[in-house]
Number of protein chains: 2
Amino acid sequence: MPVRRRTNGNSESVDNYLKAILSLGGPGEHRVTSTALAERLGVAPASITNMLQKLAGAMEPLVEYERHRGVKLSSAGKRRALEVVRHHRLIETFLYKVLDYPIEEVHDEAERLEHFISERFEERIAAKLGHPTIDPHGHFIPTMEGEMPAQASIVLTEVVDGGTFLIDSVDDRDAETLKALEAQGIKAGARLKVKRRTAAEGCLVSVGRSAKALDLSREMAGDIRIVPVGS
Amino acid sequence: MPVRRRTNGNSESVDNYLKAILSLGGPGEHRVTSTALAERLGVAPASITNMLQKLAGAMEPLVEYERHRGVKLSSAGKRRALEVVRHHRLIETFLYKVLDYPIEEVHDEAERLEHFISERFEERIAAKLGHPTIDPHGHFIPTMEGEMPAQASIVLTEVVDGGTFLIDSVDDRDAETLKALEAQGIKAGARLKVKRRTAAEGCLVSVGRSAKALDLSREMAGDIRIVPVGS
DNA sequence: TCGACGATTTAGGTATACCTAATAAGTAGG
DNA sequence: CCTACTTATTAGGTATACCTAAATCGTCGA
């Protein structure tokens, strides 16, 4: 029962820095400022500088860092960050689908466990879930090879919990419904926020900058394809 | 995504000290020496002294410690230790039964995760498993209330993996078999080591101080009740 | 192009959980 | 009952990941 000292470059803390840089860097992976990281991680800017210098100076650097010019992930850093994100999203999916967690509790648990599960655990829950590609929030799960799947669209019914999306397409099985939906702002290109699922398996959404909630039936939701936006 | 600093008195390290004291103290909960702890935990004796002083001096002390006289758990310490053991054994059972882990990999994963799961996770996996009372190694799982179940006997078939037991009783459905078993040392009071399960659902055991393995069929194993010994 | 001001970095400090080496306290033999 | 030896404790030091306060860098407007 020896005390397990996690080795540098693979700690909980480092993981969180990498995830933050990944998510703040956006799809373009542009440089991220110390201040943005400080805010996101809830630590003092000075601590950020310190950690970045260490990460950049490691034998296998996890970030590319230049004084006063922000950071971006190195390829090793990106690999690790995506692995942690994969863990997070697989765990969320697992907690929700296998352990019947209430959706609101899924995030915090995953946030803690993502740092400590083994490759085997990852592999086993992925298998149990049939190697899913999106989590209950509608986010894509990075592959085992450490790649984010191409940003394909997903059906609105696959999203369980709140999040912001862009509407990709609305199937036109019924021109009347289509027109009605469009009248409420539901059309390709519009911004859509998922509030929550309803008992009848439909979901409550809001569109554009409007705060008004629309209650979509299961069939209507099934006709709408969306793309995740932001983290 | 703020960095989570675990507060003193609830850390991974503290958990491991408490578990070690619980297990080294035995059922009599006698005082445990620094040296024994140092060996078990793989840290220097000086580090043990340090930690014990801190644990004993906390606002809610987790151990009772006197210089040069060893430690024992306080009631708060015992509660926490048993909770960690409960986590460990539930996780092992879960990995084995739900995630189909190979039995040899169950321990290490549980050893890491036991410190980080929430009450909810504990509750959900316990429910999923039907609130089990013994783990795949034949050890009792402490209750949610933090009590070790009375040391009842279990059927040999419930044990999946190696471990040492005392034979509690051998059912005498068939006097011939009973006699044959007894001839091999399998009788109430004898010490029995479970080597491993066999493909035919029986198991390989050794009895007493003998190293020779006996291959028991499923029916024979089903007639033997055992009690766990040691940790 | 010169400040001023905000962003960033350096310097110096804290707590945790380890370590080694030196000291002190118990224990057992003569 | 006192020394020798083993066990435990104190003293002083390391690395990690934070902190605050005090420089310094960079850019943007006059």
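First the proteins, then the strands, lettered A, B, ... as listed; each starts at 1. Excluded from the calculations below are hydrogen atoms, water molecules and symmetry mates; all remaining heavy atoms, backbone and side chain alike, are included.
- The side chain of A/Ser13 has D/dA17 as its nearest neighbour among D/dA21, D/dA17, D/dT9.
- Regarding A/Leu18, its CG atom lies at a distance of 15 Å from the C1' atom of D/dA17, rounded to whole Å.
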May I have the list of side-chain donor-acceptor pairs in residues 123-134 of chain A shorter than 3.5 Å, sequence neighbours left out?
residue  : atom : partner : partner atom : Å
A/Arg124 : NH1  : B/Leu99 : O            : 3.1
A/Lys128 : NZ   : B/Val98 : O            : 3.1

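- Atom pair A/Leu52:CG and C/dA7:P shows a separation of 17 Å (rounding to whole Å applied).
- We find that NZ of B/Lys54 is positioned 8 Å from C1' of C/dA15, with the value rounded to whole Å.
- Counting any heavy atom pair closer than 4.0 Å across all strands shown, A/Ser34 reaches sugar-phosphate atoms only and no base atom.
- In this structure, B/Arg31 atom CZ and D/dT7 atom C1' are separated by 16 Å, rounded to whole Å.
- Checked against B/Ile167 for a side chain to side chain contact (heavy atoms under 4.5 Å, CB included), the options B/Leu156, B/Val227, B/Ile186, B/Val205 give a single hit: B/Ile186.
- For B/His68, counting side-chain heavy atoms from C-beta on, the closest listed nucleotide (D/dT9, C/dT10, D/dA17) is D/dT9.
- Taking atom CG of B/Asp15 as the reference point, atom P of C/dA17 lies 11 Å away to the nearest angstrom.
- For A/Tyr17, a side-chain nitrogen or oxygen approaches OP1 or OP2 of D/dC18 to under 4.0 Å.
- The one candidate from A/Glu147, A/Glu145, A/Glu122 that meets the side chain to side chain donor-acceptor pair (under 3.5 Å) condition with A/Arg86 is A/Glu122.
- With rounding to whole Å, A/Leu55 atom CG is found 17 Å from D/dA15 atom P.
- The side chain of A/Asn50 approaches D/dC18 more closely than any other nucleotide in the set C/dC18, C/dT9, D/dC18.
- Nearest nucleotide to the side chain of B/Met51, out of C/dA11, D/dT9, C/dA17: C/dA17.
- Residue A/Gln53 contributes atom CD, which lies 15 Å from atom C1' of D/dT16 at whole-angstrom precision.
- Of the N and O atoms on the side chains of B/Glu114 and B/His88, at least one donor lies less than 3.5 Å from an acceptor on the other residue.
- Side-chain N/O atoms of A/Arg69 include none lying less than 4.0 angstrom from OP1 or OP2 on D/dC25.
- Side-chain proximity of B/Ala44 to D/dC18, C/dT20, C/dT10: nearest is C/dT20.
- In this structure, A/Asn16 atom CG and D/dA17 atom C1' are separated by 13 Å, rounded to whole Å.
- Residue B/Ser11 places none of its side-chain N or O atoms closer than 4.0 Å to OP1 or OP2 of C/dT16.
- Closest to the side chain of B/Val43, from the set C/dA11, C/dC18, D/dC25, is C/dC18.
- Every side chain to side chain contact (heavy atoms under 4.5 Å, CB included) that A/Ser118 has, sequence neighbours left out, goes to A/Arg120, A/Phe121, B/Tyr101, B/Glu109, B/Arg112.
- Between A/Ser47 and D/dC18 there is no side-chain N or O to OP1 or OP2 distance below 4.0 Å.
- A sub-4.0 Å separation between OP1 or OP2 of D/dT7 and a side-chain N or O of B/Arg67 is absent.
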